[in-house]
Structures are given as C-alpha cells and as structure tokens.
Amino acid sequence: MRYDHKAIEPKWQKIWEDKGVFHAEDNSNKDKFYALIEFPYPSGQGLHVGHPRPYTALDIVSRKRRLQGYNVLYPIGWDAFGLPTENYAIKNHIHPRIVTQQNVARFKKQIQSLGISFDWSKEINTTDPEYYKWTQWIFLQLFKKGLAYKKEMSVNWCTSCKCVLANEEVVNGVCERCGSEVVHKVKSQWMLKITEYADRLIDDLDLVDYPERVKTQQKNWIGRSYGAEVDFKTSTGDTLTIYTTRPDTLFGATYMVISPEHPMIEKWSGILNNIDAVREYQAAAAKKSDFERTEVAKDKTGVKLDGVTAINPVNGKEIPIFISDYVLVSYGTGAIMAVPAHDTRDWEFAKKFDLPIIEVVKGGEVEKEAFTNCSTGIMVNSGFLDGKTVEEAKKAIIEYLTEKGIGHAKVNFKLRDWVFSRQRYWGEPIPIVHCDKCGYVPVPEDQLPLTLPDVESYEPTENGESPLANMTEWVETTCPHCGGKAHRETDTMPQWAGSSWYFLRYIDPHNKEALASKEAIKYWMPVNWYNGGMEHTTLHLLYSRFWYKFLYDIGVVPNPEPYAKRTSHGMILGSNGEKMSKSRGNVVNPDEVVDEYGADTMRLYEMFIGDFEKSAPWNPQSIKGCRRFVERYWNLQDILTDDDNIRPELESSFHKTIKKVGYDIENIKFNTAIAALMALINDITATGSITKKELEIFTILLNPFAPHVTEEVWQQSKLGDGIVAQAQWPSYDEAKCKDDTIEIVVQVNGKVKAKLTVEADIDKDAALAQAKSNEKIAPLIDGKNIIKEIYVPGKLVNIVAK
RNA sequence: GCGGGUGUGGCGGAAUUGGCAGACGCGCUAGAUUUAGGUUCUAGUGUCAGCAGACGUGGGGGUUCAAGUCCCUUCACCCGCACCA
C-alpha cells in the first residue's frame, strides 16, 4: 500500500475535530498543562513556513503531555487589531472588520491543515467586543488605581502613520512599522505607570524559568541603577539636584551640566549674560530628531551659563554650569555633576571645553583617558574619603550627605511609562469620558464594551486626531458622573493591549461575568510553557507581565507571574539565508509544502531543520529526507510480525531512544530527537522485520511529531483504538539502556591507536591488560617507560609511555 | 561604546561532566534494481598523501595524559541597547 498523505491527513483531522479530542477538560482532577504560543496577527499575506515552527514545537510537547495523562490546554486566537489591517482598509475602502474576518478565515484554514492539536473551542479574537470588553475593563481598573493617567508630554510621532509610538516602537529614530521619520510632538496622551512595577519586574524574574538572555535583556531594558541624589547650591541661592551612580567621586566634580530642557534655565533667564546663546542652543537641540541626535551622539556640544555658578557641597569649590544635550531631561533629575577623570562623556566634554580633570581614584592616567573601570581603586584628593576603597567611599559619602541633609541614596530606572494612546481607528476605544466639570470620568462598567462605531473614513484627521474624532454623535455624550455635557475619548489603545492578557481569556473564553472565572484561573494559571520570539522580550513579554502583576494586586489572579517557563524559537530564513519577506521574494508558503509532502513531513522538517533556538535557512532539498523517513516508517507495516515483545538485540536501542526522545522534547532539542528516531528505524530495518510491540512503541514516540501517519499506521496495524484515545507515553528502564559489550578506545600518548570490544562492566586492570596485549598496542609501548595509565570507564584507555 | 550570541565537511547541523570530532539528514560518487526518467536498495564520502601516516572545530598562545569543550589573546559575523550620569 502506498503512503498517501492527501487521504490520511484530512481523515484524521476530521476525526479529531468531530470527537473534540483536544478539548481541555473543565473541572478535571488531572494535573493540568497549559501550553501557549504567541497568537498570530492575521495579516493579509497569509502564513509562511516560519509561523508553524513554534506551533509545532509546543504541539509536540502538548501531545506528549496528553500521552502522559495530563489535562492539556493548548489554545489559539487572533491578535487582530493593528495598523496593517487598517492601512489595507484605507487603501481598499473595506471595513477593517471585514478584512480581519477574511484574514482570520485564511489563517485558520492554513493552520488547521497542519494538524496542530489546538483546542479550537477556546478560540478568541481581540477585536471581538465580548473580548475587548475585558481589555477595557482592565484599563478602567488601572485608571481607578491611578496607574492610567493623561499627560501633556513630548511623544514619538510617526509622520506617516500620523500616530504616537511607544519608545519601544521607535527603531533607529524611525517608525518600527513603516520606516518613516519619527519626530517629537507635544500631545496629551494616556500613560500607564509601568515604572511603578519596575522593581518587581526585575526581582520576580527569579521566580520564573526564562532563558538567561531574555532575563538580561529585560533587566537591561528596565535599567535599574543604584546611586544618590545630591543638592548643589548655586550662586543665585537656588538648588540644583543631580543624580549620580558614583557619589564616591564627588570631590572630582569640576563642573555641572544640565539638559537644554531643564526648567531652571527659565528661572535664570533674566540673570544670564549669554541668554541668547543659551536660547539658540535650546532651539537647536529641540529641532533635532532622535535620529540626528544619535548620529552625532559622540560629538559633545554645549554652552556655559554665564552669570550662574554652583558650589561643590563637599569642598566648597565654585564650579561652572553648562547646558548640553548629552544630558537627558527624562532621566534622573536632568542634571549631573561632571567628573571628567572617571566618566568618558564628562572627560570628552572637559577636553573640548578645557575644564580641569581631578583624579579621585588612583590607578588610571586621567590626562590620557577617563579611568572608569576603577571599582577596586583607592580614593585620593577626596578629603575624608582618602584611602578608602570605592565601595567604602560610596557608603561613607551617602551617610555624610544624608546626615547633612544635602543628599540621599536613590534608585533610578531607564524604563519610562508606557504611552498607551493611539490616534487610530482599529483598536479598542479607551472607555473614558471628558467632562469639563468632573474631569476624566470612566465609562461605567455595566456599559462595557464601549464598541467601536462605524466611521466613513479610517484615515487619521489632518490635525492628528483619531478618525473617531469626526464621529460627532458618538463623541458627544453625557457625563456618567454629573449628567452634564461631555465628550468621549477618541484615542484607541495600542496593539499591545489585547495581547497583554489574552492567555487569561483562553481559560474561560465565553464568560460574561468576568474575564475568566476565579476557579478556572486558579486551576490553569500560570501558563506552564510559553514559547515566543525574542523580539517581544521588551515589548509584549514585559507589558503582559506588568498587567498580570497588576491583576494580582487587585486580586483577580492568584500568583505574581503569568508564565512559569519561556522558550524562544529561531527564525526560519529563506533558502538564500536572508529573512523571509515578500520584497526579497524568498517566502515559502506552507500550503505548497503540505500539498506536495504532507503536514507530517513538513512538521518533521521544521523540527529537524536545526537547533530550535537558532535561525536556519529553509532548504527545499533537505525536506525530502524527512519525507523518506515517513515513508520508511510507513513501510514498516510490510515487515510486521505478530511477536508481542521487543527483540533482545533491539532492547537497548529502544530503551535508549525512549529516554533520548523524552529528554530532548523537554529540552527543545527536537532535531536530535528526530535524529534518534531515524537511527532507531535504521536499526530496525536492518533486521528485516519489526514486531508488534516494537511498532507500537515507535509509533507512540513518533506520534507527537507526525500525528497523522502514526494514527493511520496504528489503525491499519490493529494496534488498538487510536493513539490519542488510548496510548500512553512509554517508559524506559535505565538498566536496559546499557549494552552488554561496548567498544573502548585505546590511546597511546593521547592518540587513538586501537579499539577494543569488551564487557560493559570491565574494570581498570582488566581493560589495561587487554589494551597492552593488543597486537597494535604492544609494539608501541614495548621497552618504553609507562608513566601514566588512564582508564575512563566505558570510554577509553590512555597509556602514556616514553 | 555597552550587553548578549555565533563561528565545526560541499550544505543543515551533532558531540552529559574535558574522553573516538563530524551523529542524523541533504548533496555527491560508484554499483544493483525498476522505469524512458525523478523512485528504491547497497557501499563510499573532513582534508592531504598511492599506502604507512599526517593534519583538522575562525586565528595565535596556554593548561592537561587528553581541549570544539577550560584559560589568555585576537579576528569576523549576527541580535539587542545606544550620551541612562
């Protein structure tokens, strides 16, 4: 019988769906396993072969867990709000809702052809009002706790999307999505206080199993630093507060720098002799886009304030104050003390403006370059700190400053609050009403969802307002608080909103009373295993941890972290080694692969292609190897015998493979798991036959990777009622993983000279005796002085002879 | 500049704690079989050399009986951040 994937695959997909075999059980007393992939954005292009890589990986884990007796939840849905759909709608004059429906239908069909064991009864869509009702509800809770606030601020503005971007969405000074220039614009924006959670977002990384690189990236992004704030008195009698991580170097501060936007400049405008030059510098700095700023990043510029000086609080010395754009208004206090001897930027600035450089930590050559890597140095030129180590000096100076009331220890973060409004149509409306009398008033919860009204045009308005702003009858409303005239907020939420909590909705997707029932959340959370892309480390992954912590604080969820374990997949590249994209013309459509080779082959190849965590190029030749493997497996049916045991000569191969495949799946080494199965099938076919028991075990091991063909073989060979329905993941016996005889290597002076076949449990003396009497070895050591003899059990013998 | 990562045959990639480098697969070579052919099977396939043998995991140095793996140094590429005081 020929292997016909086109008949087999749809057949089993239908059986699984009809029987609902992948539906997670409610109120189960089994142990639960919640596997999660990042739900896709249903774009107009459809799936490419990169999408199924993570889906297949966690499908393998999920299927294995089911065979191990777990109650598994493996859901999928659609992250369907977003700009590409909206832009498509603008261009083609189709409602984004319709576009979304079409795209979802296509994606769904494509994904279903792969035989992923998703529980489709839990499917969600972020654009569904029944879904975004709860996105809005969470926003209102944030608002009530003061974590959502509106602020007039300078924001990143994409000139093409006519829309505000979060810091995270600006890449090299241009818009992450469309590549257009991003400028600064002062606008009133909704903000979320993610900074309030900065400490916990770092510290709680200790509670979870994430790859180290993900943890470090999040830590660096949040950027916690420990230092001190110090007050400097000025000649005008004012106080300039600075932030520094090096309070120990305070005696080396020879000037100060404040950012061009620092508010104190306005206060001093009447006193400054060179106010025109200062104004000019401010204007130039304001005009620079982020892109220009980074381009000239290393070239220090600035203007000395003529007419104001500051006093170094520890030694009373009078020092000048500069403005320079190398000091950022948004970090720390927007003002620094400059210690050119021990900070590279200060050093460059000091050289350029010919300012004194005073060494305060011994060990460097501060006239040649800044001595920054000086944590083990000893303090000099620093009064009462002299002779102390840097660490001691830090402690001592903070004590001193605190005692005098002119400074204190301070922790700072690079993380900024999250800009949460977008001036676009295709997003969740922000459920807030503006009332002249009452201010910002939340839409009452019983009026949620606040649905997105239909508009004539999806284009942002000329003045940068959301298209919703033109919907007069929707915008004009009454204040829920005082009943007076009021208007609705017309901004919508960013795409990250819906994806910040979707894993909670999967648990209980049709609940009308809550985002999910308490019992269900308690049973299913946290997600046991979440796989996703590295590119979301500082975006989605951070945002959703933040929301989850907030929900924990208000008692909605019972634990502080949403994801117990996170893994990351590498990209699948085009066959030319470049990223797959339409413009490069190297996109591979999975439909064609499924059609030609079948879903099982495609799944195997996606997993066999290389290390799951690394990117790998798609090779249209290589996939044939996986197809051959499936056929070799299929053909085992032709050599099937009735024996109900594992033959002795294959026993250790089987036990080793069971062990390895299990271990490799848990450690995302799918490529070597498949290699082990290929090696085993080679061993089996070499014997010319296969027993029933052997086929049964092999079939279960292969099932998570190639679910259709294994079910078909199971049925054809009358092994039972079906793998999903009946089988159990096999166990192995450690004792049986060992062979009776093994081959050990004999080295002389570290070079391999012979190989011996010996009893597995041979001891050192016997092994050495055999080695020395070996015909190849004996002449090599004859008459020589044996200096050392090494025996590594089960591996090798090394004789060192001179 | 800082942080993280990678470098192994013609290609994708293997290699618990330092212990036979190149598993598994692609490709290639030869042979067999079937077909007109893409199928399948068998054998071979790191490099140099006819063999013995020597060399070989980006380069250089070191530790060790033994190094892809540990240490020092250097180069190349990729990703993230980018004046965060």
Test salt bridge (charged side-chain N to carboxylate O under 4.0 Å, His left out) on A:Lys352 and A:Glu348; report intermediate values, then the result. CA-CA 6 Å; A:Lys352 185 155 176 185; A:Glu348 283 168 11; over 6 Å; no
Would you indicate what A:Lys751 reaches in the nucleic acid, counting non-hydrogen atoms under 4.0 angstrom: base, sugar-phosphate, or nothing? sugar-phosphate
Side chain to side chain, A:Phe705 and A:Val661, heavy atoms closer than 4.5 Å: yes
Without decimals, in angstroms, what is the distance between A:Ile681 CD1 and B:G25 P? 10 Å
Rounded to whole angstrom, note down the P distance from B:C28 over to B:U17. 37 Å
Once you apply a heavy-atom cut-off of 4.0 Å, does A:Thr344 come out as touching a base, just sugar-phosphate, or nothing? nothing
Between CZ of A:Phe629 and P of B:C41 the distance, given in whole Å, is 14 Å
Just wondering, do A:Glu606 and A:His569 contact through their side chains at under 4.5 Å, heavy atoms? no
Measure from the side-chain heavy atoms of A:Ile609 and tell me the nearest of B:G12, B:C20, B:C65. B:G12
From CE of A:Met607 across to P of B:G12 the rounded distance in Å is 19 Å
In terms of the nearest nucleotide of RNA chain B, which residue is placed more toward the 5' end: A:Met337 or A:Met678? A:Met678
With rounding to whole Å, what would you report as the distance between B:G58 and B:U8 at their C1' atoms? 10 Å
A:Thr672, nearest nucleotide to its side chain (from B:C41, B:A14, B:G12): B:A14
What nucleotide among B:A85, B:G3, B:U40 has an atom nearest to a side-chain atom of A:Thr245? B:A85
Can you see whether A:Tyr326 has A:Lys300 sitting over its ring - NZ or CZ less than 6.0 Å from the centre and within 45° of the normal? yes
Classify the side chain of A:Lys795 and the base of B:C20 as holding, or not holding, a donor-acceptor pair under 3.5 Å. no
Taking B:G27, B:C55, B:G12 as options, the one with an atom nearest any side-chain atom of A:Lys624 is B:G27
Kindly point out which of B:G25, B:C20, B:G19 is positioned nearest to the side chain of A:Ile790? B:G19
Report which part of the nucleic acid A:Glu535 touches: base, sugar-phosphate, or nothing (heavy-atom distance under 4.0 Å, all strands). nothing
Nearest listed nucleotide, side chain of A:Asn682, among B:C26, B:G19, B:C24: B:C24
Is the shortest side-chain N/O distance from A:Tyr331 to OP1 or OP2 of B:A85 below 4.0 Å? yes
Rounded distance in Å between the P positions of B:A21 and B:G4: 33 Å
For A:Glu613, which of A:Arg53, A:Lys669, A:Arg213 qualifies under salt bridge (charged side-chain N to carboxylate O under 4.0 Å, His left out)? A:Arg213
Whether A:Ser225 contacts B:A85 is assessed here as follows: a side-chain N or O lying under 4.0 Å from the phosphate OP1 or OP2. Is that the case? yes
Is the phosphate of B:U39, meaning OP1 or OP2, less than 4.0 Å from a side-chain N or O of A:Arg2? no
When all nucleic acid strands are considered with a 4.0 Å heavy-atom cut-off, which category describes A:Asn798: base, sugar-phosphate, or nothing? base
Given atom NZ of A:Lys394 and atom P of B:A85, what is their separation to the nearest angstrom? 11 Å
Which part of the nucleic acid, if any, lies within contact of A:Asp346, taking any heavy atom under 4.0 Å across all strands shown: a base, the sugar-phosphate backbone alone, or nothing? nothing
Nearest to the A:Arg628 side chain among B:A85, B:A66, B:U39, which nucleotide is it? B:U39
Against the side chain of A:Phe608, the closest entry in B:A23, B:G12, B:A85 is B:G12
For the C1' atoms, the ones on B:A36 and on B:G44, what distance do you get once it is rounded to whole angstrom? 28 Å
From B:G3, B:A85, B:C20, nucleotide with atom closest to A:Asn220 side chain: B:G3
Gap in Å between the two C1' atoms, one belonging to B:G25 and one to B:U69, rounded: 24 Å
Considering only the C1' atoms, how many Å lie between B:C24 and B:G37, rounded to the nearest integer? 29 Å
Rounded to the Å, how far apart are A:His536 NE2 and B:G80 P? 13 Å
Side-chain donor-acceptor contact under 3.5 Å, A:Asp664 with A:Thr672: yes
Within the 4.0 Å heavy-atom criterion, would you say A:Val800 contacts the bases, only the backbone, or no part of the nucleic acid? sugar-phosphate
Please determine whether any donor N or O and acceptor N or O are separated by less than 3.5 Å between the side chain of A:Lys414 and the base of B:C81. no
Under a 3.5 Å cut-off for both contacts, is B:G3 paired Watson-Crick or G-U wobble with anything, and if yes, with which nucleotide? B:C79
Calculate the interatomic distance between A:Tyr597 atom OH and B:U39 atom C1'; express it in whole Å. 13 Å
For A:Lys6, is there an ion pair with A:Asp4 - N to carboxylate O distance below 4.0 angstrom? no
Quick one: on RNA chain B, does A:Gln217 or A:Thr244 contact a more 5' nucleotide (nearest heavy atom)? A:Gln217
Give a yes or no on whether a salt bridge exists between A:Glu38 and A:Arg566, defined as a side-chain N under 4.0 angstrom from a carboxylate O. yes
From NZ of A:Lys215 over to C1' of B:C81, roughly how many Å is that when rounded to an integer? 20 Å
With C1' as the reference atom in both, quote the distance from B:A54 to B:A43 in angstrom, rounded to an integer. 27 Å
chi for B:G9 classified (syn = within 90 degrees of 0, anti otherwise) as syn
Mind checking who B:C11 pairs with, Watson-Crick or G-U wobble, both distances under 3.5 Å? B:G25
Who is the Watson-Crick or G-U wobble partner of B:G19, with both distances under 3.5 Å? B:C65
Proximal nucleotide (of B:A14, B:C55, B:C41) relative to the A:Asp611 side chain: B:A14
Which value, in whole Å, describes the distance between the C1' atoms of nucleotides B:U39 and B:U45? 22 Å
So which of A:Thr538, A:Leu201, A:Thr537, A:Ile202 actually passes side chain to side chain contact (heavy atoms under 4.5 Å, CB included) with A:Trp221? A:Thr538
Provide the Watson-Crick or G-U wobble partner of B:G53, both distances under 3.5 Å; none if there is no partner. B:C48
Counterpart base for B:U42, defined by Watson-Crick or G-U wobble contacts under 3.5 Å: B:A30
Touch check for A:Arg627, heavy atoms < 4.0 angstrom, all strands: base, sugar-phosphate only, or nothing? nothing
Please give, in whole Å, the distance from B:A85 P to A:Asp248 CG? 14 Å
